[in-house]
There are 2 protein chains.
Amino acid sequence: MTTGRFTPEATRLDDAARAGWLYYVAGNTQDEIARKLGVSRQSAQRLVAMAVSEKLVKVRLDHPIARCMDLALSVQQKYGLTQCEVVPSDPEAPDLLTGIAIAAASELERVLKSDERKIISLGTGRSLKATVEQLPRMSCPQHIVVSRLGNMMSDGSASPFNATIQLAERIGAPHYPYPLPVLAHDSDELTTMKSQEAVRNTIALCERADLSLVGIGQMDMTAPLHVDGFVDNAEMQELADAGAVGEITSWVYDAQGRIIDCAFNRRVASAPLPRAEDRPVVAIASGEAKLPAIRAALLGGLVNGLITSEATAERLLAR
Amino acid sequence: MTTGRFTPEATRLDDAARAGWLYYVAGNTQDEIARKLGVSRQSAQRLVAMAVSEKLVKVRLDHPIARCMDLALSVQQKYGLTQCEVVPSDPEAPDLLTGIAIAAASELERVLKSDERKIISLGTGRSLKATVEQLPRMSCPQHIVVSRLGNMMSDGSASPFNATIQLAERIGAPHYPYPLPVLAHDSDELTTMKSQEAVRNTIALCERADLSLVGIGQMDMTAPLHVDGFVDNAEMQELADAGAVGEITSWVYDAQGRIIDCAFNRRVASAPLPRAEDRPVVAIASGEAKLPAIRAALLGGLVNGLITSEATAERLLAR
DNA sequence: CCTGCCGATGGGCAAATACTCGATCAAGGG
DNA sequence: CCCTTGATCGAGTATTTGCCCATCGGCAGG
């Protein structure tokens, strides 16, 4: 028999294991354990606690969700987020929006259930659109929905990916569309535009938003800004040269998540991104193409929450 | 994405998994889970319970003791015991007595801690001796220690393996040695002996014992009865022919744990083994050599408790 | 359309569990 | 030798958890 087998510490750990077994495996109460081990109830409690703190008991969750929760916690910690949700990816279609849309919708729904008035501000994009489509109809006249950016395409038509109106209609809440185009022609025009009272009011609402949901756009040739015609090839190249990797509500940022000081951003009419830590700004984004954009947004603290897919979360944690 | 991925049942299980993860992995309270998932505390409780009942959570104990507790439960169930304790074996010395002696001593100690008067009856043997040696000195004048059998060797000297005196001395309790030799010359002499008041009194104490600790003896050429000179080669052979596989306090029994009706047993002067189920009769025994004797004793219900080693418990469960 | 049934929900309460605090005790240093 | 230090214990208390039950809402059948 090994030396030290019966030292006090070993005995104590043995008892902890015994108590842990009786508690977690056999389902005894701590009272029963105390009786069986011949100690006080408090000591039994301490033994069970020790079994946990000494990592003698290992819990495993046999469910795909478990892995997602692990990833979510890791992402949250790595990037200092206040909230993070990871949704299982279908290996055959890892970039499908349905999953994260459902998750985002339930997060949104959770906030909407509140009786207090909440200001919900939205960006644009396919993720947002899909999210709102997952939301059940509810009656929430106490809340306010506000758009963080204009929805006018360059040809003057409304963007099909603006979800504000649809959300407001679904939940029966008043809504504030963003009364400006996406881009001004120059910064002077922008100054003029922003001096309007309606604009100032809308921006103020955005700043006070109790929940902001935004998409994240990548900055390659598949970029929403480019595909939707806001940025032409030449400007796209210019932005790429300036280090742009992503955009949130049209604000273009670099790989460190810093909003780039450039001609384009000086024309962006969208509401400024909230910087206060306690204003939840949640990004809804997934997919290989958006990965650098998502990582940069997290690094730069442009958002403090993320809803993404399992595959994307894994890539965010790689290296 | 798989069909049925978002059916109510799947969503519910997902939530259960989520709740289970938050509870067991992240250490949240059910209240916090309720808040995070946006449900009532009761629902959160139901989700956690579901995660358990649906076997989503698996607990594992990383400690040698855990395996012992599993074995103990299995042995207890297989043989219908009221108590069973299994002690880790050292693979290099699986039959060492120290481990089970410590376990037996703490079981004994647990009983001795009681303020009510307890009658402790003891058999003989190396296991018992070792057990008492592991017992710390205590002051228990309220209890009574009584021997279940004589300790006289055939040459008239006292057996060195009688633990009664030592136990009584260690715990400061009155003790009753067994006032007869191990064997009478014949059943007539036994009848005479047992008619003595002191003997009847001692046997009555044994019958009322609140805890009986006994050893188990094998019946081959290494048998304690033989080694200690109570049974010679010829009689040993005779008993083996009658099917004897083991003995407890000198009562010899067969493979089914039935006390054999034979000349030898008719000379045994020891107190009868208690049959009442509620009298704890705990065997302290381990080792490959004793295995058939232990198994038979358990099968026949000669004891209702067992303290043994991991290796022995495994063998008891084999097949 | 109404009605009764079934499962889910949340309030309330008792049991179980975790934490705080002062008392006690053994080990080690002055 | 005594004192300090740190650990452990049990009592008491606050928190958490499990369960019962009245109620609600959806749904199938009349």
>> Pairing donors with acceptors under 3.5 angstrom, does anything connect the side chains of B:Lys36 and A:Gln83?
In response: no
> Starting at CG of B:Leu13 and ending at P of C:dA8, how long is that distance when rounded to a whole Å?
Replying inline: 12 Å
> Within the structure, does a side-chain N or O atom of A:Gln42 lie under 4.0 Å from either OP1 or OP2 of D:dT8?
Replying inline: no
> What nucleotide, of C:dT9, C:dA18, D:dG10, holds the atom closest to the side chain of B:Arg46?
Replying inline: C:dT9
> CG of B:Leu47 versus C1' of D:dC19: gap in Å, rounded?
Replying inline: 16 Å
> Counting only distance, no hydrogens or angles, is the base of D:dG18 paired donor-acceptor with the side chain of B:Arg41 under 3.5 Å?
Replying inline: yes
> In whole angstrom, what separates A:Met50's CE from D:dC9's C1'?
Replying inline: 13 Å
>> Just by distance, no angles: are the side chains of B:Gln42 and B:Gln30 close enough, under 3.5 Å, to form a donor-acceptor pair?
In response: no
> Nearest-Å distance, CG (B:Asp31) to P (D:dA14)?
Replying inline: 18 Å
>> On the nucleotide C:dA18, are OP1 or OP2 found under 4.0 Å from the side-chain N or O atoms that A:Gln45 carries?
In response: yes
> Under 4.0 Å between a side-chain N or O of A:Tyr23 and OP1 or OP2 of C:dA16?
Replying inline: no
> Are B:Thr312 and B:Ser286 close enough that a side-chain donor and a side-chain acceptor fall under 3.5 Å?
Replying inline: no
> Closest nucleotide of DNA chain C for A:Asn28 versus for B:Ser40: which of these residues is on the 5' side?
Replying inline: B:Ser40
> Taking the side chain of B:Ser43 as its heavy atoms from C-beta onward, which of C:dG10, D:dT17, C:dC19 lies nearest to it?
Replying inline: C:dG10
> Between atom CG in B:Leu37 and atom P in C:dG10, what is the gap in whole Å?
Replying inline: 13 Å
> Minimum heavy-atom separation for A:Ser74 to A:Leu317, with atom names?
Replying inline: CB-CD1, 3.6 Å
> Between B:Gln30 (CD) and C:dG11 (P), how many Å, whole number?
Replying inline: 15 Å
